Asker: 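If you scroll down you'll find the structure; I have some questions about it.
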Amino acid sequence: MRAEERQSRILALARRTGRVEVAEAAAEFGVARETVRRDLSELERRGLVRRTHGAAYPVESAGFETTLARRETEHVAEKRRIAAAAAQLVGEAETVFVDEGYTPELLATLLPSDRPLTVLTASLRTASLVAASDSTTVLLAGGRVRAGTQATVGPWCRDMLAGFVVDLAFLGANGISREHGLTTPDPAVADVKAQAVRSSRRRVLVGVHTKFGASSFCRFADIGDFDVIVTDTGLSAPEAHRYSLLGPQVLRV
């Protein structure tokens, strides 16, 4: 099997399962582990995967994006810790924007329910989760609903967000890097996220460690646009410090 074909199949495996292990790929393709490591290095150089110790994760791009169903099965313990820590940052905020995505969704269920709170979101699932609280007012931004994420995008959604000044925004990203900032595969999603950044006084970025160092197709914010980044301990302390030098406080939980 030629290297190009093997790399294509390794990438397909990573996108299908959400992760590719060096040892498993070596056994499946009948090659040495070092060969797989070289293949993964090439795929990482092309911006298609993000390598970690002994494995690699697919980078979401203009042509590839994981679904919510997949996100609900990956790094769940880390996402729950991140959501719990981020929810502690609400403070006295009276209006909160909650982004689409599984980690923001988890966070939304932990927002204060013992006092009045207005939650603005483009996520149908998040709106449904928080609407049950009598003390919470939910504003759902309208627009085209993306099937994979169950969230709205488009001019209606962006323009609605532009009409508010929000105390605190919780946002996620598909890629987080010091070089390219915050990125996501879809231009319409990036448009909504960028407006949420512009419309908020304080901004908290939530994301698991595998998203750091990766970059997707559409840039919507800089690292310095955020007050706090909440991630897990899979991001090393030295790397967290490098991100903190760009402005935000970085919490590893």
Side-chain angles (χ1 to χ4, degrees), residues 67-143 145-146 148-153 156-173 182 184 189 192-208 211 221 225-233 248-253:
T67 63
L68 268 178
R70 168 70 60 75
R71 296 173 195 178
E72 291 173 353
T73 65
E74 298 173 345
H75 307 290
V76 175
E78 291 91 338
K79 290 175 181 178
R80 291 189 181 279
R81 293 200 306 272
I82 291 168
Q88 297 299 311
L89 302 175
V90 173
E92 300 303 314
E94 297 178 353
T95 55
V96 176
F97 173 82
V98 180
D99 201 2
E100 64 171 65
Y102 185 56
T103 304
E105 198 174 286
L106 292 172
L107 189 159
T109 65
L110 302 174
L111 292 173
S113 58
D114 58 347
R115 63 176 177 86
L117 184 70
T118 297
V119 176
L120 176 61
T121 185
S123 166
L124 276 65
R125 290 175 34 142
T126 292
S128 177
L129 285 170
V130 299
S133 172
D134 292 336
S135 60
T136 302
T137 299
V138 181
L139 300 179
L140 177 62
V145 178
R146 300 178 74 231
T149 61
Q150 291 294 292
T152 57
V153 294
W156 290 347
C157 183
R158 180 200 61 221
D159 292 349
M160 180 177 176
L161 294 179
F164 295 103
V165 178
V166 182
D167 292 334
L168 174 62
F170 292 107
L171 290 114
L182 288 303
T184 192
V189 176
V192 172
K193 289 177 181 285
Q195 184 57 61
V197 170
R198 290 191 293 269
S199 294
S200 54
R201 291 190 177 99
R202 288 194 298 138
R203 308 167 195 100
V204 175
L205 175 65
V206 294
V208 293
K211 297 187 176 186
D225 290 329
F226 288 82
D227 300 278
V228 183
I229 295 175
V230 186
T231 186
D232 60 273
T233 53
Q249 177 187 10
V250 181
L251 303 178
R252 298 162 62 245
V253 297

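All of these numbers come straight from a predicted model, not from anything done at the bench.
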Asker: Using only atom types and a distance under 3.5 Å, with no angle test, would you say the side chain of Arg202 pairs donor to acceptor with the backbone of Leu89?
Answerer: yes

Asker: Do you know the tightest heavy-atom contact between Ala85 and Val230?
Answerer: CB-CG1, 4.0 Å

Asker: Applying side chain to side chain contact (heavy atoms under 4.5 Å, CB included), run through Phe226 and Leu171 and close with a yes or a no.
Answerer: CA-CA 9 Å; Phe226 288 82; Leu171 290 114; 3.9 Å; yes

Asker: Work out which heavy atom in Leu106 is nearest to a heavy atom in Ala83; give both atom names and the distance.
Answerer: CB-CB, 3.7 Å

Asker: So, for Thr136 and Pro112, which heavy atoms are closest and what is the spacing to 0.1 Å?
Answerer: OG1-O, 4.2 Å

Asker: Can you check whether Phe170's main-chain N or O pairs, donor with acceptor, with Asp99's side chain at less than 3.5 Å?
Answerer: no

Asker: Assess the residue pair Asp225 and Arg203 against the criterion (salt bridge (Lys or Arg N to Asp or Glu O under 4.0 Å)); give the C-alpha distance rounded to whole Å, side-chain angles, the decisive distance to 0.1 Å, and a yes or no.
Answerer: CA-CA 7 Å; Asp225 290 329; Arg203 308 167 195 100; 5.4 Å; no

Asker: Say whether, by atom type as modelled, one donor and one acceptor occur between the side chain of Ser123 and the main chain of Ala151 under 3.5 angstrom.
Answerer: no

Asker: Please step through side chain to side chain contact (heavy atoms under 4.5 Å, CB included) for the pair Leu120 and Met160, ending with a clear verdict.
Answerer: CA-CA 10 Å; Leu120 176 61; Met160 180 177 176; 4.2 Å; yes

Asker: Test your reading of the model: is there a side-chain donor-acceptor pair from Thr121 to the backbone of Val98, 3.5 Å cut-off?
Answerer: yes

Asker: Please name the pair of heavy atoms, one in Leu117 and one in Ala93, separated by the smallest distance, quoted to 0.1 Å.
Answerer: CD1-O, 3.4 Å

Asker: CD of Glu92 to CD of Glu94: how many Å apart, nearest 0.5 Å?
Answerer: 8.5 Å

Asker: Could you tell me the separation between the CG atom of Leu107 and the CG atom of Leu111, rounded to the nearest 0.5 Å?
Answerer: 5.5 Å

Asker: For Ala173, does its backbone N or O pair with a side-chain atom of Thr184 as donor and acceptor, under 3.5 Å?
Answerer: no

Asker: Within the supplied structure, the quantity of interest is the number of heavy atoms (other residues, nucleotides, ligands) at a distance under 6.0 Å from Glu72 CD; does it exceed 12?
Answerer: yes

Asker: I want to check something: taking the side chain as every heavy atom from C-beta on, are Val192 and Glu100 in contact at a cut-off of under 4.5 Å?
Answerer: no

Asker: Can you tell which of Leu168, Val119, Leu161, Leu139 makes a side-chain contact (heavy atoms from CB on, under 4.5 Å) with Phe97?
Answerer: Leu161

Asker: With rounding to the nearest 0.5 Å, note down the distance linking CZ in Arg125 to CD in Glu105.
Answerer: 4.0 Å

Asker: Determine, step by step, whether Val130 and Thr109 satisfy the side chain to side chain contact (heavy atoms under 4.5 Å, CB included) criterion, reporting the C-alpha distance in whole Å, the side-chain angles of both residues, the deciding distance to 0.1 Å, and the verdict.
Answerer: CA-CA 6 Å; Val130 299; Thr109 65; 5.9 Å; no

Asker: Within a radius of less than 6.0 Å around CZ of Arg80, do more than 12 heavy atoms belonging to other residues, nucleotides or ligands occur?
Answerer: no

Asker: Take Val96 and Asp167 through the test side chain to side chain contact (heavy atoms under 4.5 Å, CB included) and record every step on the way to the result.
Answerer: CA-CA 6 Å; Val96 176; Asp167 292 334; 5.9 Å; no

Asker: Can a salt bridge be assigned to the pair Arg81 and Asp232 using a cut-off of 4.0 Å between side-chain N and carboxylate O?
Answerer: no

Asker: Which atom names give the shortest non-hydrogen contact between Leu110 and Ala84, and what distance separates them?
Answerer: CD1-CA, 3.6 Å

Asker: Is there a donor-acceptor pair under 3.5 Å between the side chain of Lys211 and the backbone N or O of Val206?
Answerer: no

Asker: What closest approach, in Å, do Ala141 and Cys157 show between heavy atoms, and which atom pair accounts for it?
Answerer: CB-SG, 3.6 Å

Asker: From the options Thr137, Val138, Val166, select the one residue that forms a side-chain contact (heavy atoms from CB on, under 4.5 Å) with Thr118.
Answerer: Thr137

Asker: Rounded to the nearest 0.5 Å, how far does NZ of Lys79 lie from OG1 of Thr231?
Answerer: 11.0 Å

Asker: Is Ser199 reaching over with its side chain to a backbone N or O of Ala196, donor-acceptor style, under 3.5 angstrom?
Answerer: no

